[in-house]
> 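The following block contains the structure, expressed as structure tokens.
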Amino acid sequence: MDYLGFLFAANAFVWGGIIYYVFTLKQRNRALEKDLELLKETLSREG
Amino acid sequence: MMSSDAVEENEEESSILVWMTGLAFLAAIIAIFIYVPTERTEGVVQRIMYFHIPSAWLSFFAFFVVFICSILFLWKKEREWDIYAHASAEIGVIFCSLVLITGPIWARPIWGAWWVWDARLTSTLILWIIYVAYLMLRAQSEAGSMRARYAAVLGIVGFLDIPLIHFSVLWWRAFHPQPKVISSEGIGKGMEIGMLATLGISLCAFTLLYFLLMGVRVRQEKLKDEIDRLKRETLYSS
Amino acid sequence: MNLFISQVSAIVWKDFTIEFKTRELFSAMFIFALLVILIFIFSVNLSVVEASEVGPGILWVAFLFSGTIGLNRSFALEKENGCLMALMLMPADRTAIYFGKLISNFVFLTIMELFILPLFMIFFNIDLLEHLFPLLIVIFLGTLGFCALGTLLSSLASNLKTREIMLPILLYPLLVPIVIAVVRMTGQVLAGEPLSEMMNWIGLTASFDIIYIGVSIMTIDHILEE
Amino acid sequence: MVDSQTSQPSNPVIEVRKLRKEFGVLKALDGISFNLERGEFLSVFGPNGAGKTTLIKILSGLTRPSSGTARVAGFEVEGGHPEMRREIGVISHSTALYGDLTPLENLIFFGKMYGLGRLKELALTALEDVGLAPRRHDPVRTFSRGMIQRLSIARAILHDPSILFLDEPFTGLDIQASNVLKENLITLHNKKRTILMTTHDVSCGLEMCDKVALQVMGRFAFFEDVEGINKDKFEEMYFDAVRDKQFAMGIRHS
């Protein structure tokens, strides 16, 4: 029972890793959507 | 290109997938931390295995997908397969990293050392390097058919190396057997039914997560393509 | 078929003619291999460690490192003035280009290895002559595997901006099976074991050679495409 | 080498139908169609990035088209049939010569790759033709740019191709070298070789050719016989195309 620290560390890495990856995906998605909005705006202004 | 209907349908599908993945992970967490009994010899640390093994399975599966998509790409030359291979390699490397991190954390209390040059560990490490190199190759070259072709060749070459690496590392170590080492097969043998069920749930949850992440990643790449296309068309054709 | 062979030999002839004129590659590879061996000797205390235990590993590390120099040079030469494109315009199967480069890489590396072996014998006080024949078979199999995969990957890396960095990064992890196998076999051969004792390693190395020559034949078309 | 004209299965020699080359978002060619009869000389003008090089790469079998077909000398270019490659010679701005070898060795090597016989004589005559015979034993890297380009022409026509592709051959040449190239081209044209050349140089390109094309954004904006083309008007049109392109690039990068 004295190895709880290891269990905790492993969990932290797994969840931290997955959440971080999902977070970066979200970030990238947001940047792309922003880009798209901007593009559409320019398009409608020109067209 | 995707029509708006297809996008909506995709979103509906993916929201179902999100819920399923979430529920599966909830079930897995309950099973791992509450339901499953603590293993007698290894103690509480053994619970790491319920993440470790699914992550390993997931990364191998992801690399296999890279292999298949690489072959399909070279055959059909469709950008679609290139996107799948790229997304799968990225996810595979993420989970392979998790395997390499959780492994030593488990090994330290059980084997008494962070790292042992055991066959399985060694081959996982080499695998990780191969696919990191794959992603580096992609990052090094500019978007286009060259990048896709080179990556596909590496995806094929890398996967074919796995059995060779496996045997070479296995025989390499067989000459200096380490009495302390318990291969992960050894753990599986004496498993109770409850442990097996927990592992099963966890495997399901991770597999669902893979498909969820793939979906997101692939859609992202396609969106990027779409934006680039729009940029080109609007800015060049005036 | 006749044309195929004459094309392969034309490429080999061309590589050798250039090498005889410049002598750039061979001397660089040889000196580099020698340096690698020296540095390892300085980093390992030979009075504590048995020379025959570390020797095979050091020998192969030297071979692989200097072989990488050769590989890098091999396709850089073709890229220099756009020669590779001219080769691709020839009425030649792309595999002829691959085999031509494979053979010249292989022969360069083998000659370099044969020059290193006597020095290795002297530095490490290991008697190679006793086991020369099995040793040559091991060297042949290992060098062939290294060149089979190395030629494929150097043709690929030659189009990248950072080809000198990327080639080893792509190549070395994939070479792990062959490195382990040849080092093990060399050690066993030098300890006097017959080749029949290590059939599993020979099988592994041979399958590596066959798999990667096969994969190269199938994929070289996709790499040598503009 | 057999006379390549007799083995010609059909006219036209170059037949391009709706040729496209794209990958993901990159669109190099956007539906090009044209025919070229035997012995015709086509000059393709166009700003940088119009896809001229891609066109030549596809026609010479170096790159696969995404869709559409192209037949060169009666062979489908996709897959790069060896017999087709025998019929074509390519001259681009890269010299494709080994600097450490002598001109003679270079020509012999490339001749061997084509499976030519009586190589030494052939190579010597070729060197005579471009006036490099006296220096046949010096390494190529000691040559001047003009000499290298002349040697590169000799290499490209060593196997007596019936079709020639030239990708901006005049870039970086001095007057003397470009005169030699021009003379060579005129001779080849008189010998009824089919020639496709991309260039920036309007006067030089219009002077020699039979047909003119203007390629913009992966399309042929213009494809006509050279007769009846007013040089000044064409020049104006060409510069407009270049300016539009630069304008678009400016927006993209700002």
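Numbers restart at 1 for each chain; the letters A, B, ... are given by sequence-line order, proteins then strands.
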> Could you pull out the closest heavy-atom pair between A87(B) and R217(B), with the gap in Å?
CB-CG, 3.5 Å
> Compute whether any side-chain donor of one residue and acceptor of the other, for S123(B) and H166(B), lie under 3.5 angstrom apart.
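Short answer, no.
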> What part of D221(C) is in contact with chain B, defined as an atom under 4.5 angstrom from a non-hydrogen atom: side chain, backbone, both or neither?
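No part of it gets close to chain B.
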> Where does I211(C) contact chain B at under 4.5 Å (heavy atoms): side chain, backbone, both or neither?
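Contact with chain B: side chain only.
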> What residue pairs, at least two apart or across chains, pass salt bridge (Lys or Arg N to Asp or Glu O under 4.0 Å) with a residue in residues 62-81 of chain C?
K14(C)-E78(C), E24(C)-R73(C), E78(C)-K101(C)
> Could you have a look at L137(B), T122(B), L125(B) and say which one has the most heavy-atom pairs with chain C under 4.5 angstrom?
L137(B)
> Counting only heavy atoms closer than 4.5 Å, note whether L160(C) contacts chain B via side chain, backbone, both or neither.
side chain
> For I178(C), is it the side chain, the backbone, both, or neither that has a heavy atom closer than 4.5 Å to a heavy atom of chain B?
neither
> Any idea which heavy atoms bring S202(B) and I32(B) closest together, and the distance?
OG-CD1, 4.2 Å
> Quick check on the interface: out of V215(C), L152(C), T162(C), who has the most heavy-atom pairs with chain B under 4.5 Å?
T162(C)
> Looking at W111(B) versus W106(B), is the centre-to-centre ring distance below 6.0 Å?
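Yes - the distance between ring centres of W111(B) and W106(B) falls below the 6.0 Å cut-off.
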> Using non-hydrogen atoms and a 4.5 Å limit, figure out which bit of Y212(C) sits close to chain B: side chain, backbone, both or neither.
side chain
> Over all heavy atoms of both residues, which pair between I217(C) and I220(C) is shortest? Give the atoms and the distance, please.
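Taking I217(C) first and I220(C) second, the nearest heavy atoms are O-CG2, 3.9 Å.
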> Please determine, among V183(C), L204(C), L153(C), the option with the most heavy-atom pairs under 4.5 Å with chain B.
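Most heavy-atom pairs within the cutoff with chain B belong to L204(C).
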> For residues 86-100 of chain C, which residue pairs qualify under side-chain hydrogen bond (donor to acceptor under 3.5 Å, both in side chains), counting only residues two or more places apart or in two chains?
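For residues 86-100 of chain C, and leaving out neighbouring residues, the side-chain hydrogen bond (donor to acceptor under 3.5 Å, both in side chains) pairs sorted by first residue read D93(C)-T95(C), Y98(C)-S216(C).
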> Hey, can you pull the donor-acceptor pairs under 3.5 Å for the side chains in residues 151-160 of chain B, sequence neighbours left out?
none

> Verify whether the ring centers belonging to F123(C) and F40(C) lie closer than 6.0 Å.
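No, ring centres 6.0 Å or more apart.
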> What residue, out of V179(C), T205(C), V176(C), has the most heavy-atom pairs lying under 4.5 Å from chain B?
V176(C)
> With no hydrogens and no angle check, just 3.5 Å: does a side-chain donor-acceptor pair link S145(B) and R149(B)?
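Note: S145(B) and R149(B) side chains meet the donor-acceptor criterion.
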> Applying a heavy-atom distance below 4.5 Å, give me the residues of residues 56-64 of chain B that approach chain C, sorted by number.
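Residues qualifying by a heavy atom under 4.5 Å from chain C are absent, so none.
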